Amino acid sequence: MRYSQILIPTLKEVPAEAEIVSHQLMLRAGFIKQLTAGIYTYLPYGLAAIRRVENIVREEMNRAGAQELLMPMVQPADLWQESGRYTKYGPELLRFKDRHERESCLGPTHEEVITDIARKEIHSYRDLPVNLYQIQTKFRDEIRPRFGLMRGREFIMKDAYSFDVSDEAAETSYRKMYVAYNRIFTRCGLEFRCVEADSGTIGGSFSHEFMVLAETGEDTIAVCNDCSWAANIEKAEVKPFETGENEEIRDMVKVETPGKRKVETVCKFLSIAPARLVKTLVYIADGEPVALLLRGDREAEEVKVKNHLGVADLRLADDTEIFEATGVPSGFLGPVGITIRVLADREVTRMVNFTVGANEKNFHLQQANFGRDFSVEEVGDFRRLTEADPCPSCGSSIRLVEGIEVGHIFKLGTNYSESMRAYYQDADGNELPLVMGCYGIGVSRVVAAAIEQNHDASGIIFPLPLAPYQAAVVNLDLKDREVSEAAEEIYTELTEAGFDAFIDDRDVRPGVKFKDADLLGFPYRITVGKRFKENGQVEIRRRKTGETEDVAIGEVIAYITRRLEDERVA
RNA sequence: CGGGGCGUAGCGCAGUCUGGUUAGCGCGCCUGCCUUGGGAGCAGGAGGUCGGAGGUUCGAAUCCUCUCGCCCCGACCA
């Protein structure tokens with residue numbers, strides 16, 4: 001590709017709207033142009049990077065035995081009504097009517113459409129297993145799009161759907177995708193972790209997320225320092241540990257705590273550690289109030305609570321709602337004599353002589369004890385894991401890191417096949433629901449994540465597999481015939497040797513070319529200038545390290561070939 | 001949707017509080033000269049209904065009302 005022929009509108013200055021590095025660099029390097037909130041045009045260079053990811057994804061999906069197809073973006077509402085998601089999905093699903101007043105929507109995902117295909121075309125166990133995938137633009141009317149391609153409303157996604165005869169067979173399909181995903185992200189040259197994940201609204205029994213490690217990640221993941229365990233913090237189990245508390249149980253006493261409502265102020269007032277207090281949080285779960293007992297210094301993990309309750313919506317109650325539900329002003333709630341449904345984090349059940357709200361304004365209870373003073377039916381793991389907690393798998397220490405979710409695989413089971421009646425016949429003639437799995441990769445997000453993870457002050461440092469062009473020839477003097485011919489020759493030879501080569505043939509000053517080359521992140525830069533006239537050598541510079549080497553013009557192809565091979569192995 | 005911020009040339013901004021000449025600056029863009037191994041210099045030039053509508057005023061980018069859009073913090077997700 002010639003710079004003179006491709007539209008890459010680079011920017012010297014950082015556009016004001018961009019907050020995170022990948023967004024800034026994508027704008028500066030002319031990858032994308034925003035049309036409206038969360039919706040972007042992919043300009044030629046940005047699209048080229050996206051194609052790189054797509055090709056890797058395609059190759060690995062095909063290798064794993066999946067078949068590519070392409071489903072419609074506009075979908076009839078009936079399908080979504082059948083699966084029950086038309087009402088459940090919420091405002092993220094963009095709905096509209098066509099000219100015939102038919103209810104329609106833009107596909108945020110394609111379980112309904114694929115299940116419709118399956119029920120029409122797959123009838124026998126002989127047809128199974130099947131895994132179908134597509135790479136397509138999705139539309140989700142996000143509450144708040146942000147960070148450029150990281151969370152757009154329109155984005156490119158690879159989604160795959162597997163169909164199997166049984167749970168065990170579905171697990172085999174799942175495992176194949178698990179392997180394929182590991183290969184994909186490894187091939188992309190990304191540092192990532194596969195973690196246990198919450199399956200969220202798509203539903204299903206278990207799932208894994210693939211997280212690119214980057215400080216700007218929107219998710220927190222817990223990683224074991226010794227074993228291979230890793231999980232999304234939302235899902236990460238807090239292992240019950242032996243407290244060894246053998247403190248003598250004492251009588252409960254009621255104490256006055258005028259105006260002391262927050263854990264911190266109550267503890268200070270009573271001179272106790274927050275770990276000796278049990279706080280009572282009130283949530284509104286699908287409209288119903290629920291109390292949660294948690295040690296004073298702990299944080300609730302709402303996803304765990306949500307899953308336990310099996311509700312779609314969970315949020316903290318406000319002061320008014322708390323009073324309406326319990327008759328107690330917030331800050332003085334406690335488990336003793338409470339009237340609403342109560343959940344307790346299992347840590348709480350091991351505590352003795354702790355402090356709780358007295359369910360009476362300006363009073364708390366001290367030396368309260370589980371079993372004697374109150375009891376709770378529902379005990380579970382409801383708190384957020386901390387770095388001080390042990391690995392739930394091996395007991396060793398863990399750490400928390402930020403990650404960008406680039407892939408998510410789910411074992412769906414028969415939710416969709418049953419609600420949409422996608423059945424097959426087994427060898428004995430029984431009608432059985434197809435067992436499904438679904439597997440997503442945020443293709444456009446992968447590019448953003450790659451940049452987030454690979455950049456420096458000068459610009460992007462493309463991992464070799466994702467770079468639109470592996471090497472850029474920089475012609476420093478268009479007017480010098482000797483230099484220009486040499487540059488053109490190298491460019492032609494690289495192209496003929498099968499490389500995706502780039503040549504900066506613009507009539508601009510050297511500094512401009514160097515700055516743009518750095519910004520655009522070509523892995524290798526081959527500079528042809530006056531040094532060539534002096535001694536027939538060109539400079540080859542590696543973007544990642546900045547190391548340079550002078551190479552005779554006849555050696556360039558061999559040199560580049562060797563370097564790219566080395567990197568591929570490394 | 002709740003909370004905050006911003007809309008002035010392609011990009012980054014000043015001017016708005018305290019109304020008053022032809023609305024500025026840097027970068028980018030066009031022309032010419034010059035220059036050519038890290039975003040050069042000089043000269044000339046194009047480009048604005050100051051987001052939009054209404055109002056107040058002799059006079060509005062500036063004050064008032066309404067409206068549209070974008071960004072940031074929270075609930076959602078590849």
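Within every chain, numbering begins at 1; the chains are lettered A, B, ... in the order of the sequence lines, protein sequences first and strands thereafter. Computation of the quantities below employed the complete heavy-atom set of this structure, encompassing side-chain atoms and omitting hydrogens, waters and symmetry-equivalent molecules. The model shown is predicted, which means the values in this text are computed figures rather than measured ones.
If you take CD1 of A:Ile8 and P of B:G10, they are 22 Å apart, rounded to a whole angstrom. If you measure from atom CD of A:Glu142 to atom P of B:G74, you get 14 Å, rounded to the nearest angstrom. Distance A:Arg509 CZ to B:U35 P: 11 Å, rounded to the nearest Å. Rounded to an integer number of Å, the gap from CG of A:Leu520 to P of B:G38 is 19 Å. Rounded to a whole Å, the NZ atom of A:Lys306 is 6 Å from the P atom of B:C77. When rounded to the nearest whole Å, the span between OH of A:Tyr439 and P of B:C77 equals 20 Å. Distance A:Ile184 CD1 to B:A78 P: 16 Å, rounded to the nearest Å. The CD1-C1' distance, from A:Ile39 to B:G69, rounds to 13 Å in whole Å.
Comparing B:G12, B:C76, B:G38 by their closest approach to the side chain of A:Arg525 singles out B:G38. Distance from the side chain of A:Lys515 is smallest for B:G39 among the nucleotides B:U36, B:G39, B:A78. Of all nucleotides listed (B:G37, B:C77, B:C71), B:G37 comes nearest to the side chain of A:Pro510. In this structure, the nucleotide among B:U35, B:G39, B:C73 sitting nearest to the side chain of A:Lys479 is B:U35.
Within the nucleic acid shown, A:Asp159 has no heavy atom closer than 4.0 Å to any nucleic acid atom. Counting non-hydrogen atoms under 4.0 angstrom, A:Ser444 reaches nothing in the nucleic acid. Among the protein residues, A:Arg153 comes within range of no part of the nucleic acid, since none of its heavy atoms lies under 4.0 Å from any strand. Here A:Val14 lies in heavy-atom contact (under 4.0 Å) with sugar-phosphate atoms only. Note on A:Gly529: a base of the nucleic acid sits closer than 4.0 angstrom, heavy atoms only.
Side-chain N/O atoms of A:Lys12 include one lying less than 4.0 angstrom from OP1 or OP2 on B:G28. One finds a side-chain N or O of A:Lys530 lying less than 4.0 angstrom from the OP1 or OP2 phosphate oxygen of B:G37. In this model, the phosphate group of B:C76 is not approached by any side-chain N or O of A:Arg144 to a distance below 4.0 Å at OP1 or OP2. Regarding contacts with the backbone of B:C77, every side-chain N or O of A:Arg151 stays at 4.0 angstrom or more from both OP1 and OP2.
In terms of polar N and O atoms assigned as donor or acceptor, the side chain of A:Glu13 comes within less than 3.5 Å of the base of B:G26 in a complementary pairing. Residue A:Asp518 places a side-chain atom within donor-acceptor reach of the base of B:G38, judged by atom type and a 3.5 Å distance cut-off alone. Between the side chain of A:Arg28 and the base of B:G39, at least one donor-acceptor pair of N or O atoms lies under 3.5 Å.
Counting only residues at least two apart or in different chains, side chain to side chain donor-acceptor pair (under 3.5 Å) contacts with residues 281-290 of chain A comprise A:Tyr283-A:Glu302.
By the 30° and 60° cut-offs, the orientation of the rings of A:Phe410 relative to A:His408 is parallel. Ring-plane geometry between A:Tyr174 and A:His208 is classed as tilted, the angle between the planes lying from 30 to 60 degrees on a 0 to 90 degree scale.
For the side chain to side chain contact (heavy atoms under 4.5 Å, CB included) test with A:Met211, the passing option among A:Ile404, A:Val401, A:Val223, A:Asn232 is A:Asn232; the others fail. Of the candidates A:Tyr416, A:Tyr89, A:Tyr86, A:Trp80 forms a ring pair (Phe, Tyr, Trp, His ring centres under 6.0 Å) with just one, namely A:Tyr89.
Separation of the C1' atoms belonging to B:A61 and B:G24 is 12 Å when rounded to the nearest angstrom. A gap of 28 Å separates the C1' atoms of B:C27 and B:U21, to the nearest Å. Between the C1' atoms of B:G52 and B:C68, the separation comes to 7 Å (whole Å).
By the 4.0 Å N-to-carboxylate-O rule, A:Lys279 lies too far from A:Glu264 to be salt-bridged with it.
Along RNA chain B, the nucleotide nearest to A:Glu218 and the one nearest to A:Glu539 differ in position, and the one closer to the 5' end is contacted by A:Glu539. Nearer the 5' end of RNA chain B, as judged by each residue's closest nucleotide, is the contact made by A:Asp507, out of A:Asp507 and A:Pro145.
The aromatic ring of A:Phe514 does not sit over the base of B:G39; the criterion of centres under 5.5 Å apart with planes under 30° is not met.
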Indicate every side-chain donor-acceptor pair of residues 3-14 of chain A with a distance under 3.5 Å to a residue at least two apart or in another chain.
residue	atom	partner	partner atom	Å
A:Ser4	OG	A:Asp505	OD1	3.1
A:Ser4	OG	A:Asp505	OD2	2.7
A:Thr10	OG1	A:Asp516	OD1	3.1

